[in-house]
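Here the structure comes first, spelled out in structure tokens, and everything after it is commentary.
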2 protein chains.
Amino acid sequence: MRDTDRLKLENQLCFPIYACSREIIKAYHPYLQKLNLTYTQYIVMMVLWDRSSIGVKELGELLYLDSGTLTPLLKKMEAKGYLQRARSAVDERCVLVSLTEAGRLLQQEAVDVPKCMGCKVALNESEAAALYGLLYKVLAHLQEEK
Amino acid sequence: MRDTDRLKLENQLCFPIYACSREIIKAYHPYLQKLNLTYTQYIVMMVLWDRSSIGVKELGELLYLDSGTLTPLLKKMEAKGYLQRARSAVDERCVLVSLTEAGRLLQQEAVDVPKCMGCKVALNESEAAALYGLLYKVLAHLQEEK
DNA sequence: GCTAAATACATTGTATGCAATTTAATTGTG
DNA sequence: CACAATTAAATTGCATACAATGTATTTAGC
């Protein structure tokens, strides 16, 4: 392939990843709007529904987000009443995020979201597994490079 | 799988797509910075290197971006001198974007970017093709739903 | 040819996302 | 213990994204 051909959109792997990400997030919008959540807030809630409580640093590592994104995001979610933020007594540098009762109750309203979204993605189980595996391979390699 | 298990991050397909998209774009940063381009500006340039000239509407369809994103983006790129914007004489509603000489010259500085990025992605040819195919299948299905 | 509907952009407001820097707290070392 | 280096968040500044709305232009239907 010629070098200039590599610069075409149709020969790029990143572009469909980028486009797919945004299109899926757009498709989430009607469901998440009912829960008063954005997509980023939704994935924070997923962690908290699983863990109840987590430090900002570890949350950032799980979600690949830094404090510049998380700090204002978590403050907004605290204002909505879904979580609480508190400095650790052991290490005052760390902030611990924990699920509130209102946040816990929200999980029940969210249980149908994955099923609704699963239909929109149009992949069967083996395709989904293949896609999942390839994406995590890319993610893992990008981390190593750092 | 239990409904609440589907709400876990590790059972989500969207999350690795979203994370991968952002991590790859981050990896582009050092290369694109040298060209004075952001990732979004880079994919606009890729279209223009291929087409020289395109309407905003078609550009938005290619990139899955709307005028709310494109209008300010294209104005910034015009200010940098990489492209020109002009109302169509035939249909005053339409804006035509065209590559300038400076924009054309930029392509030569960008030829190495895809190769540099290819290394970072860590997939062989067949894996890349599989990932590509799966992503476009998802994208196509999401468009049908609309 | 008049006007309602459609179209193409532009604008507004809100929410990320991230690089770069700053601040406060803790740790490692001599 | 003093203090330089490290670490965890917070802050700042800039650049998207996108829903919702507004505006100018064109098209369709009569």
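Everything quoted here is computed from the prediction, not taken from an experiment. Just so we're on the same page: letters track the sequence lines, and every chain starts at 1.
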Lys57(B) or Pro72(A), whichever maps to the more 5' nucleotide of DNA chain C
Lys57(B)
May I have the distance from Met77(B) (atom CE) to dA15(D) (atom P), rounded to whole angstrom?
13 Å
Side-chain N or O of Arg87(A) closer than 4.0 Å to phosphate OP1/OP2 of dA10(D)
yes
Got a second to check how far Met77(A)'s CE is from Leu83(A)'s CG, nearest 0.5 Å?
5.0 Å
Would you check if the distance from the ring center of Tyr18(A) to the ring center of Tyr64(B) is below 6.0 Å?
no
Residue pair Gln41(A) / Lys76(A), side-chain donor-acceptor N/O under 3.5 Å
no
Using whole Å, report how far CG of Leu73(B) lies from P of dC18(D).
12 Å
When you measure from the side-chain N and O atoms of Thr38(B) to the phosphate of dT16(D), is any distance below 4.0 Å, counting only OP1 and OP2?
yes
Does a salt bridge link Glu92(A) with Arg87(A), judged by any charged N lying under 4.0 Å from a carboxylate O?
no
Check the distance between dA17(D)'s C1' and Tyr28(A)'s OH and give it to me in whole angstrom.
18 Å
Mind telling me whether Trp49(A) and Tyr42(A) have parallel, tilted or perpendicular rings, with 30° and 60° as the class edges?
perpendicular
Glu61(B) CD to dA8(C) P, straight-line distance once rounded to whole Å:
8 Å
Side-chain N or O of Thr71(A) closer than 4.0 Å to phosphate OP1/OP2 of dT11(D)
no
Is it the case that the side chains of Ser52(B) and Arg104(B) hold a donor-acceptor pair, with the cut-off being a distance below 3.5 Å and no angle test?
yes
Between NZ of Lys76(A) and C1' of dA10(D) the distance, given in whole Å, is 15 Å
Looking across every strand, which nucleic acid part, if any, lies under 4.0 Å from Leu70(B) by heavy atom: base, sugar-phosphate, or nothing?
nothing
In whole angstrom, give the distance that lies between atom CG of Leu63(A) and atom P of dA9(D).
13 Å
From CG of Leu37(A) across to C1' of dA15(C) the rounded distance in Å is 13 Å
Just the rounded figure in Å: distance from P of dT16(D) to CG of Leu74(B).
10 Å
Letter by letter from the 5' end, nucleotides 17-29 of chain C scores (B base, S sugar-phosphate only, - none; protein heavy atoms under 4.0 Å) BBB-----BS---
Rounded to the nearest 0.5 Å, what's the gap from CG on Leu35(A) to CD on Gln108(A)? Could you check?
11.5 Å
Is Lys75(A) near enough to dT16(C) that one of its side-chain N or O atoms lies under 4.0 angstrom from OP1 or OP2?
no
